[in-house]
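Ligands are counted one by one from 1 in listed order, and the atoms in each one are counted from 1 as well. We're numbering straight along the sequence, starting at 1.
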Amino acid sequence: MTDDTDPLAWTRDYTPILRSLAAEYGETQPLAGYSVALASHLEQKTGVLVETLRDAGATVLVTGSEPHSTKAAVVDALRDQDGIETFVEAGMSDEEWAAGQHELLEREPDFILDDGCELIVKVHADHPEIAETVLGGGEQTTAGITRLEAMEADDMLSFPVYGVNDTPMKHYFDNVHGTGESSLSNVMITTNTMLSGKTVVVAGYGYCGRGIARKARGMGAQTIVTEVDPRKALEAHMDGHRLAQMAEAAREADYVITSTGNRDVVRGDHLDALPDGVILANAGHFDVEIVVADIEAAADRVTEPRDGVTRYHLPDGRRINVLADGRLVNLTGPHSNGHPAEVMDTTFAMMFEAARDMLASEGKDLTPGLYAMPDRLDRAVANRKLETLDVEIDDLTEHQREYYEDWEHADSAF
Ligand code: NAI
């Protein structure tokens with residue numbers, strides 16, 4: 001019988017892949033003797049990943065990947081468990097949160113599972129002697145991969161890192177469906193407004209932006225996409241969205257949602273175009289996509305009409321509403337629950353597999369650098385997910401396999 005007072009109980013029901021990994025590797029203990037540092041938004045799904053790593057034998061050192069997304073009940077649920085140490089509390093200032101991460105790194109983790117490259121950057125920049133002892137890492141976000149690519153270009157990395165974000169099992173589902181659904185649901189809950197019939201401007205048509213735009217349109221909104229990459233722009237066009245530059249799109253916006261992984265996407269230059277009552281939200285990793293300081297500088301009054309909404313009153317009477325202070329709307333607002341559990345089940349299964357696979361050889365198979373995760377791990381997690389859905393798919397027949405391998409197509413009828 002489940003104990004429904006346990007804050008992780010509900011989430012465990014919706015994370016069957018993690019439960020199946022815990023059951024299998026709880027027996028074989030592949031992570032026994034290793035300490036695994038984990039930086040992630042510390043809410044219920046992360047709590048289940050922490051337990052799964054611990055069940056497979058690891059000592060898990062836990063911190064948040066963002067100071068404002070930590071849930072007190074989850075820290076409380078983890079803190080007293082064997083094999084788990086927490087270095088974060090809800091309500092910490094940015095400075096306290098960073099200090100907790102340094103304290104964690106001083107425990108000399110064997111492996112780092114990261115989000116936004118928080119710990120991997122800090123260990124290299126501030127604890128280089130500890131970085132030398134880390135066996136490997138895994139990174140779950142686009143923003144973190146961008147930082148890792150920059151570190152690799154500067155020849156900075158001292159251990160191998162799997163780019164978990166770039167696996168199909170992560171970004172096809174987490175970025176598109178997880179960010180799409182959770183960002184829109186948070187915008188609607190925070191504002192108590194309806195998307196149907198409104199104009200939603202989505203900045204960035206990568207994996208996240210595509211999910212946000214498609215799902216907004218599915219709910220009856222008109223969508224305008226802004227992009228800087230001509231191919232992504234054309235993809236948005238072919239998917240049926242309108243294209244415009246931000247300076248133009250902003251004029252028609254009821255909502256602007258940014259998801260570019262870039263900075264200054266909505267900035268002072270766009271203020272003149274924004275209509276009265278517009279709602280601005282960010283789904284990108286860092287709070288630099290909407291330049292809130294520019295809006296604040298232009299305002300003569302700031303109010304908080306609802307929890308999670310800051311309203312800037314411009315001298316000409318227009319009101320600009322910014323959600324969650326321009327931080328990740330689906331993770332840091334007052335109503336935020338992050339991604340749906342089912343999608344984090346897939347992402348976190350990939351993170352678990354990154355640690356298990358690389359620690360099996362203690363990272364010795366790989367020289368320092370950023371690596372694609374082996375396809376066999378991606379397929380294995382996909383198959384595990386299908387098993388939890390009780391769905392079977394076809395296998396290639398022998399002839400089909402031969403056909404793929406025969407470049408001459410010698411047996412074909414032509
Ligand atoms: P992506 O690289 O697939 O897409 C980003 C898109 O933004 C690209 O097509 C790029 O051309 C475009 N872009 C860049 N600068 C732009 C600008 N100034 N104006 C318009 N478009 C611009 O990245 P992905 O996976 O969609 O991630 C986007 C951001 O969302 C990252 O910061 C990532 O870390 C974050 N993220 C957030 C999640 C959440 O829970 N809110 C979950 C997953 C990722």
Side-chain angles (χ1 to χ4, degrees), residues 39-43 45-46 64-66 68-69 114-118 139-149 163-187 201-215 224-237 239 241 243-250 256-267 269-270 281-291 323-324 326-333 336-341 343-344 346-348 350-351:
S40 195
H41 300 285
L42 196 46
E43 36 80 60
K45 283 89 70 181
T46 308
S65 54
E66 214 281 348
H68 300 260
S69 57
D114 218 348
D115 179 337
C117 209
E118 284 297 332
E139 166 58 49
Q140 68 170 327
T141 70
T142 311
I145 299 287
T146 307
R147 293 177 95 183
L148 282 164
E149 285 167 350
V164 177
N165 178 72
D166 293 347
T167 57
M169 283 306 285
K170 198 277 179 178
H171 64 258
Y172 286 2
F173 305 108
D174 178 312
N175 299 33
V176 179
H177 298 283
T179 311
E181 289 196 17
S182 64
S183 298
L184 294 178
S185 63
N186 271 283
V187 168
V201 175
V202 179
Y205 203 69
Y207 288 97
C208 295
R210 188 183 313 158
I212 295 167
R214 284 181 186 166
K215 285 168 196 279
I224 306 179
V225 166
T226 73
E227 251 297 344
V228 293
D229 180 325
R231 294 146 313 167
K232 298 282 183 176
L234 283 172
E235 191 183 350
H237 169 73
D239 284 348
H241 306 289
L243 289 174
Q245 291 179 320
M246 182 56 82
E248 282 309 309
V256 180
I257 306 177
T258 56
S259 61
T260 68
N262 205 342
R263 58 179 301 163
D264 307 344
V265 179
V266 180
R267 52 182 187 269
D269 304 353
H270 303 126
N282 169 47
H285 188 81
F286 293 107
D287 60 352
V288 295
E289 303 213 11
I290 300 169
V291 188
L323 306 195
R327 294 179 187 266
L328 291 149
V329 70
N330 59 333
L331 283 153
T332 64
S336 304
N337 283 311
H339 282 12
V343 91
M344 290 315 293
T346 315
T347 296
F348 283 160
M350 293 305 296
M351 292 290 270

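Between Tyr205 and Arg231 there is no side-chain heavy-atom pair separated by less than 4.5 Å. For the pair Val164/Glu139, no side-chain contact is recorded, criterion being any heavy-atom separation below 4.5 Å from C-beta on. Ser40 is listed as a side-chain neighbour of Phe348, based on a closest heavy-atom distance under 4.5 Å.
At the shortest separation from atom 19 (N) of ligand 1 among protein heavy atoms lies Val228 CG1, 3.8 Å. Given atom 15 (N) of ligand 1, the protein heavy atom at minimum distance is Asn262 ND2, 3.1 Å. Counting protein heavy atoms only, atom 44 (C) of ligand 1 is closest to Cys208 SG, 3.4 Å. When hydrogens are left out, the protein atom nearest atom 39 (C) of ligand 1 is Asn330 ND2, 3.5 Å; that is the closest non-hydrogen contact. Closest to atom 38 (C) of ligand 1 among all protein heavy atoms lies Thr179 OG1, 3.6 Å. The protein heavy-atom contact nearest to atom 28 (C) of ligand 1 is Ser259 O, 3.5 Å. At the top of the distance list for atom 35 (C) of ligand 1, counting protein heavy atoms only, stands His285 N, 3.6 Å.
Only side-chain heavy atoms of Lys232 come within less than 4.0 Å of ligand 1; its backbone N, CA, C and O stay farther off. Here Thr260 has heavy atoms under 4.0 Å from ligand 1 in both its backbone and its side chain. Contacts between Thr142 and ligand 1 below 4.0 angstrom, taking non-hydrogen atoms only, involve backbone and side chain alike. At a heavy-atom cutoff of 4.0 Å, ligand 1 is contacted by no atom of Met246, backbone or side chain. In Leu331, the part holding a heavy atom less than 4.0 Å from any atom of ligand 1 is the side chain.
Close contacts between ligand 1 and Leu328 involve ligand atoms 39 (C), 41 (N) [criterion: under 4.0 Å to a heavy atom]. Atoms of ligand 1 lying under 4.0 Å from at least one heavy atom of Thr226, given by number and element, are 20 (C), 21 (N). Here is the list of ligand 1 atoms found below 4.0 Å of a heavy atom in Gly204: 7 (O), 12 (C), 20 (C), 21 (N). Of all atoms in ligand 1, listed by their number and element, those nearer than 4.0 Å to a heavy atom of Tyr207 are 3 (O), 25 (O), 26 (O).
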Note to self: Arg210 vs Glu235, test: salt bridge (Lys or Arg N to Asp or Glu O under 4.0 Å). Steps then yes/no.
What the structure shows: CA-CA 9 Å; Arg210 188 183 313 158; Glu235 191 183 350; 3.5 Å; yes
Notebook entry, point to check: Between Ile224 and Leu243, is a side chain to side chain contact (heavy atoms under 4.5 Å, CB included) present by the stated rule, with each step listed?
Noted result: CA-CA 6 Å; Ile224 306 179; Leu243 289 174; over 6 Å; no
Margin query: For Asp174 and Asn165: C-alpha separation, side-chain torsions, deciding distance, then whether side chain to side chain contact (heavy atoms under 4.5 Å, CB included) applies.
Written below: CA-CA 9 Å; Asp174 178 312; Asn165 178 72; over 6 Å; no
Next item on the list: Apply side chain to side chain contact (heavy atoms under 4.5 Å, CB included) to Lys170 and Met351, showing your working.
Entry: CA-CA 9 Å; Lys170 198 277 179 178; Met351 292 290 270; over 6 Å; no
Next item on the list: Start with the C-alpha gap between Asn282 and Thr258, add the side-chain angles, then the distance that decides, and say whether side chain to side chain donor-acceptor pair (under 3.5 Å) holds.
Entry: CA-CA 5 Å; Asn282 169 47; Thr258 56; 2.9 Å; yes
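The nearest non-hydrogen atom to atom 37 (C) of ligand 1, considering only Ala236, Ser69, Gly284, Ala283, comes from Ala283. Around atom 4 (O) of ligand 1, the closest heavy atom drawn from Ala143, Gly206, Gly180 belongs to Gly206. Evaluated by nearest non-hydrogen atom to atom 29 (C) of ligand 1, the leading choice among Cys117, Gly261, Gly338 is Gly261.
The shortest separation from a heavy atom of Glu227 to ligand 1 is under 4.0 Å, placing the residue in contact.
With hydrogens and angles left out, the side-chain atoms of His41 and Ser69 include a donor and acceptor closer than 3.5 Å. Side chains of His339 and Thr179: a donor-acceptor N/O pair is present below 3.5 angstrom, by distance only. Between the side chains of Asp115 and Gln140, a donor-acceptor pair is found at a separation under 3.5 Å.
Using a 4.0 Å cut-off between charged nitrogen and carboxylate oxygen, Glu289 and Arg263 do not count as a salt-bridge pair.
For the pair Val343 and Gly178, the tightest heavy-atom approach, listed with the atom from each and the gap, is CG1-CA, 3.8 Å.
Backbone and side-chain nitrogen or oxygen atoms of Asn175 are examined, and one is located within less than 3.5 angstrom of a nitrogen or oxygen of ligand 1.
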